[in-house]
Amino acid sequence: MMHTTEQLFAEEKIIREYFNSWLESDFSRLDNWFSQDVYYRECYGATYEGLNELKAYINSKSKEQTVLKWDILSIAYTSSDQFVVTWFFDAKEKQEYCFDGVSLIAFSDNKIKSIVEYSTKHETYRPYKDKV
């Protein structure tokens, strides 16, 4: 299904609002952003099927974690009808941690239908820089 420019802007706005909700600890619009049968796979393996499971996770996680940054680096809409969002994440629980990530986000009826996340270490190095 081909998206209109208006749909793309609206869906990108939802993505940005969702990421920002973690910074503001305001999850009052989850029903507006996610479909009831949403599938969410975290980069560390946990999965949530349905909005009720996702809400239970967010309610629990937001009590133990403070998100310091969740910076969106890029948002690209693909021909496979999903968004690829690259980002930097920084949070504190017992101690602070950060990593880079990618989310594959699909929409249905103007709501997020699925998110699948991947992560990688933020710190990089070049082991062969001086060897070539």
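Please read all numbers here as calculations on a predicted model, not as lab measurements.
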Participant: Among residues at least two apart in sequence or on other chains, which ones pass side-chain contact (heavy atoms from CB on, under 4.5 Å) with Thr86?
Facilitator: Leu73, Ser74, Val102
Participant: Please assess Phe89 against Cys98 for the test side-chain contact (heavy atoms from CB on, under 4.5 Å), listing each intermediate value before the final yes or no.
Facilitator: CA-CA 5 Å; Phe89 185 82; Cys98 67; over 6 Å; no
Participant: So for atom CZ, which belongs to Phe9, do other residues, nucleotides or ligands contribute more than 12 heavy atoms lying within a distance under 6.0 Å?
Facilitator: no
Participant: Determine which pairs satisfy ring pair (Phe, Tyr, Trp, His ring centres under 6.0 Å) with at least one residue from residues 107-132, sequence neighbours left out, and list them in order.
Facilitator: Phe83-Phe107, Phe88-His122
Participant: Just to verify, what does Asn52 make a side-chain contact (heavy atoms from CB on, under 4.5 Å) with, not counting sequence neighbours?
Facilitator: none
Participant: What class does the angle between the rings of Trp22 and Trp70 fall in, given that below 30° is parallel, 30 to 60° is tilted and above 60° is perpendicular?
Facilitator: perpendicular
Participant: According to salt bridge (charged side-chain N to carboxylate O under 4.0 Å, His left out), does anything in residues 105-122 pair up with another residue at least two apart or in another chain? List the pairs.
Facilitator: Asp37-Lys113
Participant: Roughly how far, to the nearest 0.5 Å, is OG of Ser103 from CH2 of Trp87?
Facilitator: 5.0 Å
Participant: Just by modelled atom types, is the Lys92 backbone N or O under 3.5 Å from a matching donor or acceptor in the Glu96 side chain?
Facilitator: no
Participant: Taking the side chain from Ser60 and the backbone from Tyr57, do they hold a donor-acceptor pair closer than 3.5 Å?
Facilitator: no
Participant: Among residues at least two apart in sequence or on other chains, which ones pass ring pair (Phe, Tyr, Trp, His ring centres under 6.0 Å) with Phe34?
Facilitator: Tyr18
Participant: What residues, two or more places apart in sequence or in another chain, satisfy side-chain contact (heavy atoms from CB on, under 4.5 Å) together with Ser25?
Facilitator: none
Participant: Test Leu104 against Thr78 for side-chain contact (heavy atoms from CB on, under 4.5 Å), laying out the working first.
Facilitator: CA-CA 10 Å; Leu104 305 177; Thr78 71; over 6 Å; no
